[in-house]
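Taking it in order: structure first as structure tokens, then the write-up.
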Amino acid sequence: MKNAVRIILISLFTVISVCSLAQAPASAVVATDAWVKAPIPGRYMTAGFVTLQNPSQQDRQLVSVSAPWAGLIEIHTHLHEDGVMKMRQLMQLPIPAGETVTLSPGGLHLMIFKLNLPLVEPLPLTLCFDDGTCTNIDANLRQKDF
């Protein structure tokens with residue numbers, strides 16, 4: 001009888017442990033404060049911003065962003081070269097373990113092209129990471145940089 005109870009308890013513990021692991025996301029990146037700058041009238045491009053927190057012990061990379069209301073979204077950085085500010089596309093954005101990376105005006109940002117106007121909130125975004133996981137978030141629309 002004791003062996004049967006022991007086997008049942010071990011089996012139950014194993015099932016619970018496996019189910020818990022299966023539900024844990026492989027990418028621990030948390031995306032917050034997402035917003036998109038309202039486009040200039042007559043333009044079909046704008047910029048987006050978000051805060052990415054990686055509380056895990058593994059480095060992550062943001063590798064792509066997509067949205068049903070945009071034809072193309074690129075990850076960009078600003079560089080100062082010879083006194084001129086230039087934007088450059090990044091193929092991936094590192095999000096170090098235990099760190100927060102903020103995309104904000106004048107720095108890292110999302111360049112959003114081929115907008116399907118007018119933009120209507122909420123603006124859904126899909127962020128995909130190097131481990132194959134994707135996170136769906138909603139962005140707000142802002143008229144100005146705050």
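When a residue number appears, it is its place in the shown sequence, counting from 1.
The pair Glu81-Arg88 counts as a salt bridge, with a side-chain nitrogen and a carboxylate oxygen less than 4.0 angstrom apart.
Contact of the Lys114 side chain with the Met45 side chain is not registered, since no non-hydrogen atoms from C-beta on lie closer than 4.5 Å. Residues Leu103 and Leu93 meet the side-chain proximity criterion, which asks for heavy atoms closer than 4.5 Å. In this structure the side chain of Tyr44 never reaches within 4.5 angstrom of the side chain of Pro39, judged on heavy atoms. Counting heavy atoms from C-beta on, the side chains of Phe129 and Ile95 come closer than 4.5 Å. A 4.5 Å side-chain heavy-atom check between Val63 and Ile75 finds every atom pair outside the cut-off.
By the criterion of side-chain heavy atoms lying less than 4.5 angstrom apart, applied directly or through intervening Ile, Leu, Val, Met, Phe, Trp or Tyr residues, Leu117 is not grouped with Leu72; the two fall into different hydrophobic clusters. A continuous path of hydrophobic side-chain contacts links Ile73 to Val101 [ILVMFWY only; heavy atoms under 4.5 Å].
The side-chain hydrogen bond (donor to acceptor under 3.5 Å, both in side chains) search around Gln92 returns none, not counting sequence neighbours. Thr102 pairs by the side chain to side chain contact (heavy atoms under 4.5 Å, CB included) definition with Thr51, Thr100, Ser104, not counting sequence neighbours.
Gln53 contributes no side-chain N or O that, together with a main-chain N or O of Val30, makes up a donor-acceptor pair within less than 3.5 Å. Put simply, the side chain of Asp82 never gets that close to the backbone of Val84: no donor and acceptor are under 3.5 Å apart. Using a distance-only test at 3.5 Å, with no hydrogens or angles considered, no donor-acceptor pair links the side chain of Trp69 to the main chain of Leu119. Not a single donor-acceptor pair under 3.5 Å links the side chain of Asp130 to the backbone N or O of Arg60. Of the possible polar contacts, none joining the Asn140 side chain to the Trp35 backbone as a donor-acceptor pair under 3.5 Å is found. Under a 3.5 Å cut-off, the side chain of Asn116 and the backbone N or O of Ala70 do not form any donor-acceptor pair.
The heavy-atom pair separating Leu108 from Leu90 by the smallest distance is CD2-CD1, 3.8 Å. Looking at every heavy atom in both residues, Ala31 comes nearest to Leu127 through CB-CD2, 4.5 Å. Of all heavy-atom pairs spanning Met85 and Gly106, the tightest one is CE-O, 3.9 Å. Smallest separation of non-hydrogen atoms from Ala34 and Ile137: CB-CD1, 3.6 Å. A pairwise comparison of heavy atoms in Ala28 and Pro55 identifies O-CD, 3.1 Å as the closest pair. Pairing each heavy atom of Leu125 with each of Ala67, the nearest pair is CD2-CB, 3.9 Å.
Note that the OG atom of Ser56 and the CG atom of Asp131 stand 9.0 Å from one another [nearest 0.5 Å].
The local environment of CD in Gln89 is crowded, with over 12 non-hydrogen atoms from other residues, nucleotides or ligands closer than 6.0 Å. The 12-atom threshold is not exceeded at CE of Met91, counting heavy atoms of other residues, nucleotides or ligands nearer than 6.0 Å. Around the CZ atom of Phe113, the shell of radius 6.0 Å holds more than 12 heavy atoms that belong to other residues, nucleotides or ligands.
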Steps toward side chain to side chain contact (heavy atoms under 4.5 Å, CB included) verdict (Leu115, Thr46): CA-CA 8 Å; Leu115 297 174; Thr46 191; 4.0 Å; yes
Run Arg142 and Lys37 through side chain to side chain contact (heavy atoms under 4.5 Å, CB included) and show every step you take. CA-CA 5 Å; Arg142 291 192 189 171; Lys37 184 176 179 180; 5.9 Å; no
Are Thr135 and Val29 close enough, and set up right, to give a side chain to side chain contact (heavy atoms under 4.5 Å, CB included), and what steps lead you there? CA-CA 9 Å; Thr135 299; Val29 176; 5.9 Å; no
Walk me through it: do His76 and His78 pass the test side chain to side chain contact (heavy atoms under 4.5 Å, CB included)? CA-CA 7 Å; His76 277 215; His78 273 119; over 6 Å; no
